[in-house]
Amino acid sequence: MSNVETPRPIRGTQDIFGPEAEAFAFVVETFERVRKLYRFRRVEMPVFEKTEVFSRSLGETTDVVSKEMYSFDDRGGESLTLRPEFTAGIARAYLTDGWQQYAPLKVATHGPLFRYERPQKGRYRQFHQLDAEIIGAAEPQADVELLAMADQLLKELGIADGVTLQLNTLGDADSRDSWRVALVAYFQSVRADLSEDSQERLERNPLRILDSKDPRDKAFVADAPKIDDFLTDQAQDFFGQVTSGLEAAGVAWTRLPALVRGLDYYRHTAFEFVTDRLGAQGTVLGGGRYDGLIESLGGVHTPAAGWAAGIERLAMLVGERRQSVLEQAIIPVGEEAESIAAQLLAKTRRWGTSAELFNRGNLKKRMQRAADAGAFWAVIIGEDELAKGVVTIRNMHSGGQFTIPLDDMLNRVEMDDGRFVIRDDPNNPVGWTVFEPAESQ
RNA sequence: GCGAAUGUAGCUCAGUUGGUUAGAGCGCCGGUUUGUGGUACCGGAGGUCGCGGGUUCGGAUCCCGUCAUUCGCCCCA
């Protein structure tokens, strides 16, 4: 043992392993599949950007920008920031990389994000999100498509029944501004009776008073001005088209007039998929329309919408998952068998069949490990087999066994639908020899 | 950033009012005729009691600090 002290992992980071890592991978794989169904283009984005990319788009006074960013000066003295979200970076690329030519552009990505927050279950300093954006589309159908995609993702993950879609509209810029003015005036009039947090919010982000959990605020929130009274005709119409589009797509939702977004760039549609199964971290996927964002980065007015979903939170809802099945456990006994096993392993994997070598301990141990690994077939190559010029194949589920001549095993056998076969005539499947296990023993 | 709880073996936890070499279950490794998954039995490895100070003849146990995790607030995916 060395006397060197082992460095500890960084607070709020995770080393994900085993069934949880499988659940994480399942979420990402499902997202990739759904994303292709909806024809979103895959993009890869840098993990860090100039700090202004985030400070200008998210809003200087938001918590994310003012106290949660991992910002640092690089060796050239430039302020850089580890991305706390995807949207700003994608909007930046839309402007700097000429992606306007592809508008309306549908893109998707996933990866790590960084926020300096107090860690909790489902909340980490390095966390991971799925992300989908449509840039350059003013139509409400874009919002609908994003929501339909999110809804299908949750269904394919098998977690849709515990999750509800909460939907709201923040109106266009005019609606939002007049509503905000009315809200500020209203809360100003009862300021002294609000919670300390909400008095603070009144200065920085008054909309967020609406989803305060403090009982002192809730009475006033109920009587606060409603966005519906401030919607312009166009905003009203836009929201109507979104909701009727959701009906057509068969996406269930509930209206939540108090739902607002924390970041400044949102307009019109705002939504969250929430669950009560993750404690305080109930939002599993959230997003909306951000028509103002591209302008804040110096581009021309560009309508856009998108969402992001926490992979860790989705993975927790999915639950633990097993590693994919092991189709063949290759079990050699003895030196000669080892070299045959090496050939079989290479060949089997080239068939596209998963295989793993078990060559530690006595045969009993090897069988046990193969069973623990969930092997379907055990391919046993021992001294008895080699003496007869065969290999023994055991069905680990039924316990039935049979042998295949070693020469055939190495040169002629193929896998077909999980079975061992020899194709006598490639053009005549009827001529196949299929090996079947004997009675269980 | 605020409030609270927890931290003993790989995992889940015991450990009495401070008192010799810190325990259990599960898991892991090996064995019970050196060729077959289970059960049973036998044996074994594995812990600076999160870390650092303090009080004490003596600290896993009491006090302080610190780190980490968890729960709530805040924020957000």
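Here is the naming used below: chain letters follow the sequence lines, and residue numbers restart at 1 for every chain. Worth saying up front: this structure is predicted, and the values here are computed from it rather than measured.
Taking atom C1' in both A24(B) and U34(B), one finds a spacing of 34 Å when rounded to whole Å. Comparing A9(B) with C28(B), their C1' atoms sit 11 Å apart, to the nearest whole Å. Separating the P atom of C67(B) from that of C29(B) is a span of 39 Å, rounded to the nearest Å. Between G38(B) and G31(B), the two P atoms lie 14 Å apart (nearest whole Å). Taking atom P on both nucleotides, G50(B) is separated from G15(B) by 15 Å, rounded to a whole Å. Here, U61(B) and G65(B) have their P atoms 16 Å apart, quoted to the whole Å. A4(B) and C42(B) are spaced 48 Å apart, taking the C1' atom of each and rounding to whole Å.
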Each nucleotide N or O in nucleotides 41-45 of chain B that has a protein N or O under 3.5 Å away: list the pair and distance.
none

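Residues T254(A) and Q166(A) have side chains that never bring a donor and an acceptor to within less than 3.5 angstrom of each other. With hydrogens and angles left out, the side-chain atoms of T392(A) and E385(A) include a donor and acceptor closer than 3.5 Å. For E20(A) and Q14(A), the side-chain atoms include no donor-acceptor pair closer than 3.5 Å. Side chain to side chain, Y94(A) and E133(A) fail the donor-acceptor criterion of an N or O pair below 3.5 Å. Side chain to side chain, E312(A) and H128(A) meet the donor-acceptor criterion of an N or O pair below 3.5 Å. A side-chain N or O of S198(A) and one of R201(A) form a donor-acceptor pair less than 3.5 Å apart.
With a cut-off of 3.5 Å on both Watson-Crick or G-U wobble distances, the partner of U16(B) is given as none. Within the shown strands, G10(B) is the pairing partner of C26(B) under the Watson-Crick or G-U definition, both distances less than 3.5 Å. Shown here, U56(B) forms no base pair; nothing in the strands shown gives a Watson-Crick or G-U wobble contact with both key distances under 3.5 Å. Across all strands shown, U48(B) remains unpaired; no Watson-Crick or G-U wobble contact has both distances below 3.5 Å. With a cut-off of 3.5 Å on both Watson-Crick or G-U wobble distances, the partner of G72(B) is given as C2(B).
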Completion exercise
Given protein heavy atoms under 4.0 Å, the one-letter contact record of nucleotides 67-73 of chain B, with B base, S sugar-phosphate only and - none, is simply -SSSSBB
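Comparing G30(B), U36(B), C76(B) by their closest approach to the side chain of K365(A) singles out G30(B). Side chain of E117(A), nearest nucleotide from G35(B), C75(B), C76(B): C75(B). For R313(A), counting side-chain heavy atoms from C-beta on, the closest listed nucleotide (U36(B), C75(B), A77(B)) is A77(B).
Following rounding to the nearest Å, M367(A) (CE) and G38(B) (P) show an atom-to-atom distance of 10 Å. Counting to the nearest Å, the C1' atom of G31(B) and the CG atom of L363(A) are 16 Å from each other. For R360(A) and C29(B), the CZ to C1' distance is 10 Å, given to the nearest whole Å. Rounded to whole Å, the distance from CD on E200(A) to C1' on C75(B) is 13 Å.
With sequence neighbours excluded, the residues that form a side-chain contact (heavy atoms from CB on, under 4.5 Å) with A88(A) are V53(A), F54(A), S57(A), E85(A). For the side chain to side chain donor-acceptor pair (under 3.5 Å) test, no residue two or more places apart in sequence or in another chain qualifies with E68(A).
Taking 4.0 angstrom as the limit, R369(A) places a side-chain polar atom (N or O) nearer than this to OP1 or OP2 of C29(B). Proximity of Q368(A) to the phosphate of G38(B): a side-chain N or O atom is located under 4.0 Å from OP1 or OP2. For G31(B), the OP1/OP2 oxygens have a side-chain nitrogen or oxygen of N362(A) closer than 4.0 Å.
Contacts classified as salt bridge (charged side-chain N to carboxylate O under 4.0 Å, His left out) and involving residues 275-284 of chain A (residues at least two apart or in different chains) are not found. Residue pairs meeting the side chain to side chain donor-acceptor pair (under 3.5 Å) criterion with at least one partner in residues 143-153 of chain A, sequence neighbours excluded, are Y38(A)-Q152(A), K106(A)-E145(A), D143(A)-T269(A), D143(A)-R289(A), D151(A)-K155(A), Q152(A)-E156(A).
Among the heavy atoms of the strands lying under 4.0 Å from N395(A) is at least one base atom, whether or not backbone atoms are also near. In this structure, I380(A) reaches the bases: a heavy-atom distance under 4.0 Å links it to at least one base atom across the strands shown. At the heavy-atom level, G382(A) lies under 4.0 Å from base atoms of the strands shown. In this structure, F127(A) reaches the bases: a heavy-atom distance under 4.0 Å links it to at least one base atom across the strands shown. As judged by a 4.0 angstrom heavy-atom cut-off over every strand, E383(A) is placed among the base-contacting residues. At the heavy-atom level, Q14(A) lies nowhere under 4.0 Å from the strands shown.
Projected onto RNA chain B by closest heavy-atom contact, A371(A) and H128(A) fall at different nucleotides, the more 5' of which corresponds to A371(A).
Judged by distance alone, the side chain of D214(A) and the main-chain N or O of S195(A) form no donor-acceptor pair under 3.5 Å.
Judged by distance alone with a 3.5 Å cut-off, a donor-acceptor contact links the side chain of E385(A) to the base of G35(B). The base of G37(B) is paired with the side chain of R394(A) by a donor and an acceptor separated by under 3.5 Å.
A cation-pi contact links R321(A) to F26(A), judged by a cut-off of 6.0 Å to the six-membered ring centre and 45° from its axis.
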